[in-house]
Trainee: 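The structure follows.
In what follows, chains are A, B, ... by sequence order, proteins preceding strands, each numbered from 1.
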2 protein chains.
Amino acid sequence: METTRDKLINATFDEVFSHGYQGASLSDILAKAGVHKGSMYHFFANKKEMALAAIEETVLNRNIEKYRYVETYTGGLLEEFYTRLRDTSERDFKRGCPIANIVQEMSNIDEEFNVLMQSIYGEFRSNVKAIFDKAVTVGEMKPCDTTKLALFTTSTIEGAILSAKATGNAQDYVDVIEELITHIEGKR
Amino acid sequence: METTRDKLINATFDEVFSHGYQGASLSDILAKAGVHKGSMYHFFANKKEMALAAIEETVLNRNIEKYRYVETYTGGLLEEFYTRLRDTSERDFKRGCPIANIVQEMSNIDEEFNVLMQSIYGEFRSNVKAIFDKAVTVGEMKPCDTTKLALFTTSTIEGAILSAKATGNAQDYVDVIEELITHIEGKR
DNA sequence: ACTAAAATTGACTGATTAGTCAAGTGCTTT
DNA sequence: AAAGCACTTGACTAATCAGTCAATTTTAGT
């Protein structure tokens, strides 16, 4: 069952993803969630705390499943990584990447957002690094500076999503990803 | 001499760069510019038109100089491109890339912003493509799909700036750029 | 069934928002 | 010097913003 708090978290994440934090209207969130203002202030101190909770919890939940395969998978780890990278079915190129959006909008404005996004972004990077590290361990890849490769990979992925958002053309994402994969393959 | 309109354009660009379009306060812009509200509405129909003008004109002015070297330069074009890429002295990693910021914030919200950013982003890409094209022409680089290489390059640059903004570490930008240059060098 | 706590309701506040406008200033042209 | 136009001034409006709160209902524990 979706509790009142869940409704608020989901509506907030969606609204912030669409309009940014500053552009997110509290009344719109409440209308979307079907929750009254007083109820919201019962669960959250203010708009900011609710938004921070929405981002943290939503991203956390998604990532738990997203990178589970790395631990269980034994063979063809990089291929699996590529396949997931190529998969555009769950990407929303109109809205872009929720993490990147918030980083761009809030990192230099608000310290609490900055801290949260630093942690989320760092986690993203270390998840990718873990894939490369494992690929090296199991012999799928020659030893290399996986920290820098993960930084390069995550940066390029975010850039690819941005390009597709800027042009309105999902193919841009695909093209960048293919070139990125070629680059990573050069390390084998 | 800095006209009233110039003051408004500059203050608007700076304020939008810092706080985003939606987060930009008209009163703050006016205070920063030292211009009264009525004056502003004499030059611009509304906040949005002023912001669009500020972005377009500022970016236009900067790009006119930024890529002039491509036409005049004859030898070591790629090296010059790398040097400029490596130069972080004019980058503001706290605020990130003004273009990317606006794309992220506004492309999916407002059609006028979308059109403008699509044009600016397209120009960025074709400027980079022109460098690779010329490099191929003068024999600095083997013939290749310069359209896709330019897409990859611009995407990765934007991703690099985002990474540095997310972590607050300018070195991230430098590291990504070095890997990017290595990748481009592979095409020679 | 009774009590207490948790959750909900919705009207209200004060601040801030973008935008309007009538009156006034000052430069330019004749 | 007179007229006309570009520009400036700052008070004003209406809407929206986040946030408050006392009263009420619902739920849970005994």
Trainee: Closest nucleotide of DNA chain D for A/Ser25 versus for B/Phe43: which of these residues is on the 5' side?
Mentor: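 Its nearest nucleotide being more 5', the pick is B/Phe43.
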Trainee: Go through C/dA18, D/dC17, C/dT9 for me and flag the one nearest to the A/His36 side chain.
Mentor: C/dT9
Trainee: Rounded to the Å, how far apart are A/Met50 CE and D/dA18 C1'?
Mentor: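 Those two atoms, CE and C1', are 11 Å apart.
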Trainee: Whole-Å distance between D/dC7 P and B/Leu8 CG?
Mentor: 12 Å
Trainee: Of the options C/dA18, C/dT8, C/dA11, whose atoms approach the side-chain atoms of A/Lys37 most closely?
Mentor: C/dA11
Trainee: Mark yes or no for a side-chain to base donor-acceptor pair under 3.5 Å between A/Lys47 and D/dG19, with no hydrogen or angle criteria applied.
Mentor: no
Trainee: Start at the 5' end of DNA chain C and walk down; is the nucleotide closest to B/Met40 or to A/Val35 reached first?
Mentor: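 The residue mapped nearer the 5' terminus is A/Val35.
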Trainee: Is the shortest side-chain N/O distance from A/Ser27 to OP1 or OP2 of D/dC17 below 4.0 Å?
Mentor: yes
Trainee: Can a donor-acceptor pair be found between the side chains of A/Glu105 and A/Asn101 at a distance below 3.5 Å?
Mentor: no
Trainee: Given C/dA18, D/dC7, C/dT8, which nucleotide is nearest the side-chain atoms of B/Leu26?
Mentor: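 In terms of side-chain proximity for B/Leu26, the closest of C/dA18, D/dC7, C/dT8 is C/dA18.
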Trainee: Under the ring pair (Phe, Tyr, Trp, His ring centres under 6.0 Å) rule, collect the residues that match up with B/His183, sequence neighbours excluded.
Mentor: A/His183, B/Phe152
Trainee: Give the rounded distance in Å between these two atoms: OH of B/Tyr41 and C1' of D/dC7.
Mentor: 17 Å
Trainee: If you count the non-hydrogen atoms of other residues, nucleotides and ligands that lie under 6.0 Å from NZ in B/Lys129, is the total more than 12?
Mentor: yes
Trainee: Please tell me which of the listed nucleotides, D/dT8, D/dC17, C/dT8, lies nearest to the side chain of B/Ser39?
Mentor: D/dT8
Trainee: Does B/Gln171 form a side chain to side chain donor-acceptor pair (under 3.5 Å) with B/Asp175? I'd like the steps, not just the answer.
Mentor: CA-CA 6 Å; B/Gln171 186 63 36; B/Asp175 288 345; 3.0 Å; yes
